[in-house]
Structures are given as structure tokens and as C-alpha cells.
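Shown next, in C-alpha cells, is the structure this report addresses.
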Protein chains: 2
Amino acid sequence: MSLQEELGLQNPFIDIRHEAVLNIVRTSNLLSLRAAQIFRGFDLTEAQFNVLFSLHFTKGNVTQAELGKRLVVTRASITSVLDKLEAKGLVRRAKVAGNRRIHHVIITPEGTRVVQQLEPPYRMGIHLALAGMEDEGCRHLIGELEEIRERLRQMMGNGELDEPEDS
Amino acid sequence: MSLQEELGLQNPFIDIRHEAVLNIVRTSNLLSLRAAQIFRGFDLTEAQFNVLFSLHFTKGNVTQAELGKRLVVTRASITSVLDKLEAKGLVRRAKVAGNRRIHHVIITPEGTRVVQQLEPPYRMGIHLALAGMEDEGCRHLIGELEEIRERLRQMMGNGELDEPEDS
DNA sequence: AAAATAATACTTGACATCAAACGGTTTTAT
DNA sequence: ATAAAACCGTTTGATGTCAAGTATTATTTT
């Protein structure tokens, strides 16, 4: 089904690149929506899942700022998401000896348990959604998207979140 | 640059389909971020731009619910975005004779002027981002993404927003 | 040692979004 | 004609997000 039909537009796209961009965004939204369905069964939002998942597969200690970099989200966002996760007992903040500014974010055993329960349906969903694509097609798609991001980064100046704050 | 480097992950992806999905989402986010840069210069958010853009290229009258369908957003969201746009004088709600439930949403001359100023840099940004792709490559990409959405829709049951409301 | 600078986390205010519920309105069924 | 159902816009409450600003702590410079 084309985007034109899907969104009930009157006219076909005149610009194939515009159509491509909207396809990327729309597919991303639909993927997030599907993921949210899975997460909701575990009383987690997408943002909370991302943090938990990232922590689960990371060896060594992580600060809030590092977590923000990995998930490409501002520090402010991390703060509020961690508040929620900490309240549920899935994560805790640990003080760091020798540097009282930073916290290490640590996943609790309970948090680990949740990730382990969540992972199978999560991966299953991904494989179902991409069941029509061969490995080679996936690699090709990935390559194209990487190139688009590369050009975007050139246009945007590195894409630094958390700006200079002032001057 | 691979996602693994981009996000600072310690291990390469074991699952190529997982990597593909994250590439789609990440690219979409970056596209939105770039778009937001452009919109901000015109004091518009992405949501506000979407509404304005949709109205500009639509002949005939549009209700709020129709607008919601096109932008794949709930009626509640449309309400609040229209409130903002109306306050800026870029859009107005018109009562409809013969049906007191609905409003027609109409772009004002001022709103049209904004879209016309905004469109060139918007299209330019898209073409720069996809400068590396041939038309044929774009069509191929679109086809793949459409197939992914098709499967997602099968998994999710149509994806109807604005649920039954009761009973 | 003191002052300036940078880094880290938090706070606040503004948005967009959804889910759920509500009050009118219109359409459909009985 | 009346009752039931569907529809439309809105409101409320919760999330997540960003931008801008503050407080605290580390580091560097002087």
C-alpha cells in the first residue's frame, strides 16, 4: 500500500525523494507503535525499555550522560526516565567515590529479569516485521540509511545534543 | 558510519534485522531533528508544520478528524496543535452549516505565506540528504519500507487511532 | 591558593502525544 | 418516534522531549 493511499492524499507524490523520506518516518513510527504494544504488557514505555535494554547489554559502569549519548537523548530526558525506572525498582543510581557529580546507573536483578522476559517477544516482532527481506536486502537497506545519516550529519554540524548552555 | 560506532556500542549486532530496524528509527529521528532546525527559524514545531503543509496542498474542505487521519495522529493532538496555530493567525476554524459537530480547518493568507517561504529550504534539505541515491534506488527503498509496514499492519490489527470510545 | 572554566545533574516551562472520558450531534436501528 | 450507536471536538492526566537556566563539583589557569 502506497503512502498516498495510506494517508488518503489526493495527489501522488511528485517528488520521489520526498516520498522516500516520508516513508522512512512513517515506517519508524509504525515500528515504534508496534514496540509500544509489546512494552505495555510489561508496564514499560519505549524510553524506559531503551534504557533498560542498553544497561542490560553494557559491561562496566555507565553515567547518565553516557546513557544519553547512546540513546541520543538529552540529559533532561534521561533524568526523568530514570526517575520512573528507579521508582519501579528496575534501576538504581549509585554514588561514585572520588567524583560526587556523577552517578553510575545500575540495573537491578529485578530489572534484568524484566529484560529477559521482554527480549524474546521483542526479537520475534522484529523478525516478523522483516520476514520478507533476505539478509542481503537488510545489509543493503542499512547501507543506504547510513549514507543518508552521513549526509544529514554533514548538514547539521555533528548533531550535538545538550548545547553550550550559554556563552 | 555504522550504528555500532554511532551509538558507541561495545559489541557488533548479531541480528541483522535488529540492526535494520534500529537504522530505520535512527534515520527517522535524525530527519526529524534536521527538519526541526528548519522549522524553528519560522517559529514552527514539526507538528505545526505538518498541519500547515497538509492544509496548503489540499483542495476543498478538511475537518479536524480528517486532518488527524492524514497525519496519523489522534483528534486530541489535532485540537491542541490547531489551538497554537490559530493563536498565531495561521489557521482558522470555520463552522459548517448543516452539521454542528464538525469544523472546517482553513489556512489563512498569512499561513499560506509561511508555507511558501518554508517550502524551498524544506525541499532543499530533503534533496541534500538523499543526494547519494538515484531515483531507482529511492523507488526500491520505498518498496521495501512499504512491505515492512504491510507486515506490521497485519500484526497490529489495522492500527486504528481513536478507539471505540466506550462499551 | 584563588579564580575562572568546564562538566554533571537537576529544575522549570513549553510542546506534542496518547488514552480515557465527556457532552453535543448525527445517524442508524428498532 | 424513540432508543441505541457512532461520530466529532474537547478536556484532563500522564509521558517523553527539548531548551534554557541553576547548583554543585572538578579541573585548569593564574
CD of A/Glu86 versus C1' of C/dC10: gap in Å, rounded? 13 Å
Taking OP1 and OP2 of C/dT26, is either one under 4.0 Å from a side-chain nitrogen or oxygen of B/Arg100? yes
Does C/dA16 have its OP1 or OP2 closer than 4.0 Å to a side-chain nitrogen or oxygen of B/Ser77? no
OP1 or OP2 of D/dG16 less than 4.0 angstrom from a side-chain nitrogen or oxygen of A/Lys84, does that happen here? yes
Would you indicate which nucleotide in D/dG9, D/dT17, D/dC18 comes nearest to any side-chain atom of B/His103? D/dG9
Winner on side-chain proximity to A/Arg75, out of D/dG9, D/dT11, C/dA9, is C/dA9
Tell me: CG of B/Asn29 to C1' of C/dT17, nearest whole Å? 15 Å
For the pair A/Glu66 and A/Arg70, find out whether any cationic side-chain nitrogen is under 4.0 Å from an anionic carboxylate oxygen. no
Checking all strands, does B/Glu46 fall into the base, sugar-phosphate, or nothing category for heavy-atom contacts under 4.0 angstrom? nothing
Please give, in whole Å, the distance from C/dC18 C1' to B/Ile78 CD1? 13 Å
Distance in angstrom units between A/Leu30 CG and C/dT17 C1', rounded: 16 Å
Considering only heavy atoms and no angle criterion, is a donor-acceptor pair shorter than 3.5 Å present between the side chain of A/Arg101 and the base of C/dA7? yes
Nearest 0.5 Å please: distance from the CD atom of A/Glu46 over to the CG atom of A/Leu31. 9.5 Å
State whether a side-chain donor-acceptor pair under 3.5 Å links B/Gln154 with B/Arg151. no
Phosphate contact (C/dC10 OP1 or OP2) by A/Gln64 side-chain N/O below 4.0 Å: yes
Among C/dT11, C/dT17, D/dT10, the one nearest any side-chain atom of B/Ser80 is C/dT17
Closest approach to the side chain of B/Thr79, judged atom by atom: which nucleotide of D/dG21, C/dT25, D/dT10 is it? D/dT10
Salt bridge or not for B/Glu110 and B/Arg113, using N-O below 4.0 Å? yes
Taking only the side-chain nitrogens and oxygens of A/Arg93, find out if one of them lies under 4.0 Å from OP1 or OP2 of C/dC10. yes
Please report the distance, rounded to the nearest Å, between CZ in A/Arg40 and P in D/dA14. 17 Å
Candidates D/dC8, D/dT15, C/dT8 - which lies nearest the side chain of A/Thr45: D/dT15
I'd like to know if A/Arg153 pairs up with A/Glu150 as an ion pair, taking the criterion as any Lys NZ or Arg NE/NH1/NH2 lying under 4.0 Å from an Asp or Glu carboxylate oxygen. yes
Do the charged groups of A/Arg93 and A/Glu86 touch, with an N to O distance under 4.0 Å? yes
Rounded to whole angstrom units, what separation is found between the CD1 atom of B/Ile102 and the P atom of D/dT10? 12 Å
Heavy atoms only, 4.0 Å cut-off, all strands: where does A/Ala47 land among base, sugar-phosphate and nothing? sugar-phosphate
Measure from NZ on A/Lys95 to C1' on D/dA26 and round the result to the nearest Å. 17 Å
A/Gln48 atom CD is separated from D/dT15 atom P, nearest whole Å, by 8 Å
